[in-house]
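Note that this is a predicted model, so its numbers are computed, not measured. Naming convention: chains lettered A, B, ... in sequence-line order (proteins, then strands); numbering from 1 in each chain.
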2 protein chains.
Amino acid sequence: MTTAPDAGAVPGTVRPGGRTARVREAVLRAAGDALAERGFAHLDLAEVARRAGVGKTTVYRRWGTVTALLADLLDDMAEQSEPRVEVGSLLSELEANATLVRRTLTDSRQGALFKAVIAAATSDAHAAQALHRFYAARVAEWAPCVRQAAERGEVPADTDPEQVVRAVSAPLYYQLLTTGTPLDQAAAERAARAAYEAARAGAFRTGR
Amino acid sequence: MTTAPDAGAVPGTVRPGGRTARVREAVLRAAGDALAERGFAHLDLAEVARRAGVGKTTVYRRWGTVTALLADLLDDMAEQSEPRVEVGSLLSELEANATLVRRTLTDSRQGALFKAVIAAATSDAHAAQALHRFYAARVAEWAPCVRQAAERGEVPADTDPEQVVRAVSAPLYYQLLTTGTPLDQAAAERAARAAYEAARAGAFRTGR
DNA sequence: CGATTAACGGGACCCTGGTTCCGTTAACGC
DNA sequence: GCGTTAACGGAACCAGGGTCCCGTTAATCG
């Protein structure tokens, strides 16, 4: 009787180098392609495997479900998203953020991924967690611009920075999901402006 | 050779009375129950048929897909949603709207339905259209309160009423989908307040 | 460089969501 | 009422997404 390997371990953790890494990369790329071309509903792990030049058994063993694959894709994307650049005025920083969000949602690849993850998150806890992680990181990245604006006196001192950042994205996502209207630059500017004015008026103050 | 019935017709349109109506009602109720209990991902038309005490063939013949059934459910719900009651001040009307939206999204039955339809809409055109119809109707229902406020001079005269109404809902949906935080009443009030302040400051003016 | 074994790949298999067939029930028009 | 036939319901059937088995390839360690 030889020592049995840990049956509970996720494949890819013990020997993550070389082949395993190449497989992961190829599968994530293929999944992104398939998603952008055919959409979430038609996403088929066997097809992803074929596109990636990989056995379908491998995809099922490593990820198991479509939602798990999406979560991995999102984590992968989170690592390579652009950092905020400091500008100096709150309104222009919020506009920069809104423009970035708009570009992301409009991009055929990233937009499709977001829609898919959002759909998956409504019924799958793992996908939901991946989504929450993603937004927590993004919000944390942009919150400082509000904090600095508070120090400059542009907005009330007890303004909740995260609320302001979320307020910029919210209308863009809402429009994407609930209307057929395309997300244009005017929508992005409007979103930034609205969040800015609301913050200045004290709508996002924490202490009561 | 007898006259062939129109093969392209949707079942239930020629003899919509009695049995057909009862079946539709039972299936929609069962679908709503199943959705609330087991979630979108586990929604199975055969199970819906069983719950409704109806043959699964019938469900497939009448609706065909899960998304079509969801669209029908949403249309059904749209007919019975509460009308707005006039209050008098814009802020309190927007708060009433925010509270209504919050209650809807928080309700286990309706909330599950919304999440499901949103998920379906990201990849199915029919579900997306049903969703757009629903929101267009809801927004049209509430837009007048902004118009009246504009006449009273509470907000700039060229404020776009629909933008304001959408701005109230957006943060609530955004929070529901992208964070794990529960939707509390404070969130509803904040959403209303933010939309109100932004509108007053002219963030939703149409002419440039 | 060689041994060990994690991870991969092909193919057979299986199971369940969805379709088809056809007999039965009950709307609707007269 | 009565006849016509739309719509329903049960059961057999089909297909393709997901699993299992087992032989092959190549990371990792010494």
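DNA chain D lies under 4.0 Å from at least one heavy atom of each of the following residues of residues 45-61 of chain A: A:Lys56, A:Thr57, A:Tyr60. Of the residues in residues 65-73 of chain A, not one places a heavy atom less than 4.0 Å from an atom of DNA chain C.
A donor-acceptor contact under 3.5 Å links the side chain of A:Arg19 to the base of C:dA7.
Note on the helix from C:dC1-D:dG30 to C:dC30-D:dG1: angle between the axes of the first and last five pairs equals 60°, rounded to 10 degrees.
For A:Ala34 against A:Val48, the heavy-atom pair with the smallest separation is CB-CG2, 4.4 Å. Taking every heavy atom of both residues into account, B:Leu172 and B:Arg102 meet most closely at CD1-N, 4.4 Å.
Remark: B:Phe134 engages B:Phe114 in a ring-ring contact (aromatic ring centres under 6.0 Å, His included) (not counting sequence neighbours). Judged as a salt bridge (Lys or Arg N to Asp or Glu O under 4.0 Å), and not counting sequence neighbours, the contacts of B:Glu197 are B:Arg193.
Between the side chain of A:Thr206 and the backbone N or O of A:Asp160 there is no donor-acceptor pair closer than 3.5 Å.
Backbone-only contact: B:Arg22 has heavy atoms under 4.0 Å from sugar-phosphate atoms and none from a base.
Closest to the side chain of A:Arg62, out of C:dA7, D:dC8, D:dG17, is C:dA7.
Residue pairs satisfying the side-chain hydrogen bond (donor to acceptor under 3.5 Å, both in side chains) criterion with at least one member in residues 116-127 of chain B, sequence neighbours excluded, are listed as follows: B:Thr67-B:Asp124.
For the pair B:Leu43 and B:Thr20, nearest-nucleotide mapping onto DNA chain C gives the more 5' position to B:Leu43.
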